[in-house]
Engineer: 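This is the structure I want to talk about, given as structure tokens.
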Amino acid sequence: MLGVGVAAASALMLIQAPAANAATKTLWAKESVRIRAQATTNSTALGLLPQGASAASPVNSDGAYLRYFNGAHNACGSQGTIHYNVWNKVTYKGITGYVAEPCMLPFKP
């Protein structure tokens, strides 16, 4: 009887197994940038990605970074006033959120 219960529990675990993690690549911060809860500067800041720090960012099946289009921003101070609405989703030290794309680089600065 115990064997049946173990087999049923094993089958249940297989059914509930999480999906495979999405593919990611690394992005580096050109300058310190806030990680936002949503892709807009009006959204809550969850943390700070320091200049030169790396973060994981999801990519599509072709290896291109996923881009999110939402609130316009001029979030990178060194770039002056820009009107751009593209964001990258990143994970840094357990914080997952959005950063303004112009603040990020696909290579280490």
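All values below were derived from every heavy atom in this structure, side-chain atoms included, with hydrogens, water molecules and symmetry-related copies excluded. Throughout, numbering of the chain's residues begins at 1 and tracks the sequence.
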Engineer: Could you list the donor-acceptor pairs under 3.5 angstrom formed between side-chain atoms of residues 88-96 and any protein atom two or more places apart in sequence or on another chain?
Structural biologist:
from	atom 1	to	atom 2	distance (Å)
Thr91	OG1	Thr96	OG1	2.8

Engineer: Could I get the full list of ring-ring contact (aromatic ring centres under 6.0 Å, His included) partners for Tyr98, not counting sequence neighbours?
Structural biologist: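 Applying ring-ring contact (aromatic ring centres under 6.0 Å, His included) to Tyr98 gives Tyr68.
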
Engineer: Give the minimum heavy-atom separation between Asn70 and Ala39, together with the two atoms involved.
Structural biologist: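 Where Asn70 meets Ala39 most closely, the heavy atoms are CB-O, 2.9 Å.
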
Engineer: Which side-chain N or O atoms in residues 43-50 pair as donor and acceptor under 3.5 Å with protein atoms at least two apart or in another chain?
Structural biologist:
from	atom 1	to	atom 2	distance (Å)
Ser43	OG	Ala37	N	3.4
Ser43	OG	Gln38	N	2.8

Engineer: Mind checking whether Thr24 and Val59 have side chains closer than 4.5 Å, heavy atoms only?
Structural biologist: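 Sidechains of Val59 and Thr24: no contact.
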
Engineer: Quick one: do Trp28 and Trp87 end up in the same hydrophobic cluster if we chain Ile, Leu, Val, Met, Phe, Trp and Tyr together by side-chain heavy atoms under 4.5 Å apart?
Structural biologist: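 Looking at the clustering, Trp87 is in a separate group from Trp28.
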
Engineer: Return all side-chain donor-acceptor pairs below 3.5 angstrom for residues 100-109, not counting sequence neighbours, or 'none' if the list is empty.
Structural biologist:
from	atom 1	to	atom 2	distance (Å)
Glu101	OE1	Arg67	NH2	2.9
Glu101	OE1	Tyr84	OH	3.0
Glu101	OE2	Arg67	NE	2.9

Engineer: Do Asp62 side-chain atoms and Ala64 backbone N/O form a donor-acceptor pair below 3.5 Å?
Structural biologist: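 Looks like no, no N/O pair under 3.5 Å.
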
Engineer: Which pairs pass salt bridge (charged side-chain N to carboxylate O under 4.0 Å, His left out) with one or both residues in residues 32-45, sequence neighbours excluded?
Structural biologist: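 Of all non-adjacent pairs touching residues 32-45, none passes salt bridge (charged side-chain N to carboxylate O under 4.0 Å, His left out).
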
